[in-house]
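Everything numeric here is computed off the predicted structure, so don't read it as measured data. Naming: A, B, ... by sequence-line order, numbering from 1 per chain.
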There are 2 protein chains.
Amino acid sequence: MAEQESTREKIKASAQEVFVERGYDGARMHEIAERAGANKAMIYYYFRSKDDLFESIIRETFREMFTSIGNLWTVPFTEPIEIIPAIVRVHLQFLYDHPHIPQMLGREMHSGNPIVARVIHQVFEEIGRENLSRFGQLFSNAVKLGKIRSVDPVQTIWNILGLNLFYFFTKPVIKTMWKTQCADEKKLLQIREQAIVDLLLYGLLPRQESKKSSTAQK
Amino acid sequence: MAEQESTREKIKASAQEVFVERGYDGARMHEIAERAGANKAMIYYYFRSKDDLFESIIRETFREMFTSIGNLWTVPFTEPIEIIPAIVRVHLQFLYDHPHIPQMLGREMHSGNPIVARVIHQVFEEIGRENLSRFGQLFSNAVKLGKIRSVDPVQTIWNILGLNLFYFFTKPVIKTMWKTQCADEKKLLQIREQAIVDLLLYGLLPRQESKKSSTAQK
DNA sequence: TTGGTTTAACTAACCGGTTAGTTAAATATA
DNA sequence: TATATTTAACTAACCGGTTAGTTAAACCAA
């Protein structure tokens, strides 16, 4: 009983590894089996086909992603100067803890694989849509109260996600271009976090306010 | 003579198409040949192997990308309120005109394919490094002159690129989530451009300045 | 307890089809 | 003729998926 459970889980784990590393087309069933320490036929014993296995992996990935994004908006939207840093921090930490997600998405997003398209749609309807409208509400309220400038909530979500995801989507290029700076990734991400929050709150143009922006750096 | 040139070019063109659509692993040599209206053996006549063909395609893609990013900083950095909208506009227009670039990058970036890693490094040394330090100079000057707040130039590049690239990297997901809004892509990108410029210049927090920010919307 | 039966988990060998890459001959061109 | 293109036919390796058969534990009747 413990053994049968573990073989299926081992296959799922190694399948995720291989699909992340090599993509759908590059993934080989015999490599998935090898890494799981199982016979190739066992994959077909637990999953019907390569497509079936891939679908279960990618569905889990999208569930993780939408859930994490949804969790960002569960905090009450009181003071933007506190909430926005919190959102950025939670999201960056999630991406750091689950590097396979941006990697998998970046790889399979443009593949045109109908499995990917279908799963995106299903999981969004299942989890994403609700979280999204919730954020729209919270954000519009903050605008009405004058806590933030009058901006489009959808575009603002895209802005936050774009700023956060950029490093993780382009990591291989970034690491080539700024080799020395990327040596200590944990520190790099701290700097990145500060820079993102600073831009989101204050923008680039100088401010004449009494409260000096504290997180600007050089 | 005209014919030999054209067959080689036809192969390169169709190879780009197929590599963009299907990725390195998904691309089939016979499909590349078919689309070029040539026999499969012609590919091996002009290019030694699949790797060789792929390398020449991806090298051209990275050259286009680095050149375009380099061109963003050639404008003299005078008034940020004029320059930053110009940078964003030129970059978004380039991405719109060359959709294969973010698509190809998104697909092959995390592949670990050693060809990709080597070409990134070579093309960056060839084109990218110089453009990069040039922007650092321009930007630091603007900070010294008090035209913009004291922010890190590298992080600011990442911010601008992240904001601009997000839509193009995540287009398939975005289109699923906001179906209706994405019907007219040209208009969507205009809204996106305004939102990016607005964030870069003014941030989210309210401003007490006399000059009201004009591009805020909704 | 004993010996037979069922069942889930597993394996080695195999199959049909596909793929990157080759070759040698034919054709066009100069 | 000599050289540059183009082609059909081919191969060796590979890949997703199947099959026939094994193992060992659980179950069950006498």
Side-chain angles (χ1 to χ4, degrees), chain A residues 1-59 104 107-108 111-116 118-119, chain B residues 1-59 104 107-108 111-116 118-119:
Chain A
M1 182 74 171
E3 200 48 46
Q4 55 181 277
E5 206 74 14
S6 112
T7 297
R8 196 179 197 280
E9 288 312 305
K10 274 181 195 166
I11 288 173
K12 278 189 82 170
S14 73
Q16 193 194 69
E17 268 184 43
V18 176
F19 280 129
V20 167
E21 280 176 37
R22 312 216 190 270
Y24 175 83
D25 288 313
R28 302 294 161 226
M29 299 301 271
H30 76 88
E31 188 179 0
I32 293 174
E34 249 169 45
R35 289 205 205 180
N39 189 282
K40 188 166 67 116
M42 286 312 293
I43 301 176
Y44 294 91
Y45 180 76
Y46 288 113
F47 303 89
R48 256 179 254 173
S49 62
K50 188 182 187 182
D51 280 9
D52 212 55
L53 179 60
F54 181 67
E55 183 174 329
S56 84
I57 298 294
I58 205 141
R59 168 166 281 117
M104 186 93 119
R107 201 197 265 282
E108 304 296 344
S111 67
N113 188 327
I115 297 172
V116 176
R118 193 178 67 247
V119 171
Chain B
M1 182 71 171
E3 201 47 46
Q4 57 180 277
E5 206 73 14
S6 113
T7 296
R8 197 178 196 281
E9 289 311 305
K10 274 181 194 164
I11 288 172
K12 279 189 80 170
S14 73
Q16 195 195 68
E17 270 183 41
V18 176
F19 280 129
V20 167
E21 282 176 34
R22 313 215 189 271
Y24 176 84
D25 288 311
R28 302 295 163 224
M29 299 301 271
H30 75 87
E31 187 178 2
I32 293 173
E34 249 170 45
R35 290 205 204 181
N39 188 280
K40 189 167 67 122
M42 289 309 296
I43 301 174
Y44 293 91
Y45 178 77
Y46 288 114
F47 304 88
R48 256 179 259 172
S49 63
K50 188 183 186 182
D51 281 8
D52 213 55
L53 178 61
F54 180 68
E55 181 174 331
S56 83
I57 299 294
I58 204 142
R59 168 165 280 119
M104 186 92 119
R107 204 198 264 281
E108 304 297 343
S111 68
N113 187 327
I115 298 173
V116 177
R118 195 178 66 247
V119 171

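Looking at the side chain of A/Y45, the nearest of the listed nucleotides C/dA20, D/dG17, C/dA9 is C/dA9. If you check D/dT6, D/dG17, C/dC10 against the side chain of A/K50, the one that comes closest is D/dG17. Closest to the side chain of A/A41, from the set C/dC10, D/dT5, D/dT19, is D/dT19.
Taking 4.0 angstrom as the limit, B/R28 places a side-chain polar atom (N or O) nearer than this to OP1 or OP2 of C/dA20. A close approach under 4.0 Å does occur between a side-chain nitrogen or oxygen of A/T7 and OP1 or OP2 of C/dC10.
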_B/E21 and B/R35: CA distance, side-chain angles, deciding distance, salt bridge (Lys or Arg N to Asp or Glu O under 4.0 Å) verdict_ = CA-CA 13 Å; B/E21 282 176 34; B/R35 290 205 204 181; 3.0 Å; yes

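What separates NE2 of B/H30 from P of C/dT18 is a distance of 9 Å, to the nearest Å. Rounded to an integer number of Å, the gap from OH of A/Y44 to P of C/dA8 is 22 Å. Between B/D25 atom CG and D/dC14 atom P the separation is 15 Å, expressed in whole Å. Atom NZ in B/K40 sits roughly 13 Å away from atom P in C/dT23 (whole-Å rounding). Per the geometry, OH belonging to A/Y46 stands 9 Å off C1' belonging to C/dC10, to the nearest Å. The interatomic distance linking B/M29 (CE) with C/dT22 (P) rounds to 10 Å, in whole Å. Counting to the nearest Å, the P atom of D/dC15 and the CZ atom of A/R22 are 11 Å from each other. Distance CG (A/N39) to P (D/dG21): 17 Å, rounded to an integer number of Å.
Two residues are said to be in side-chain contact when any heavy atoms from C-beta on lie closer than 4.5 Å; B/Y24 and B/K50 meet this criterion.
Residues A/G23 and A/R107 approach most closely at CA-CD, 3.2 Å, considering heavy atoms. Considering all non-hydrogen atoms of both residues, B/M29 and B/L53 come closest at CE-CD2, 4.3 Å.
A/A33 comes within contact range of no nucleotide atom at all, as no heavy-atom separation falls under 4.0 Å.
Taking the ring axis of A/F47 as reference, the NZ or CZ atom of A/R8 stays within 45° of it and closer than 6.0 Å to the ring centre.
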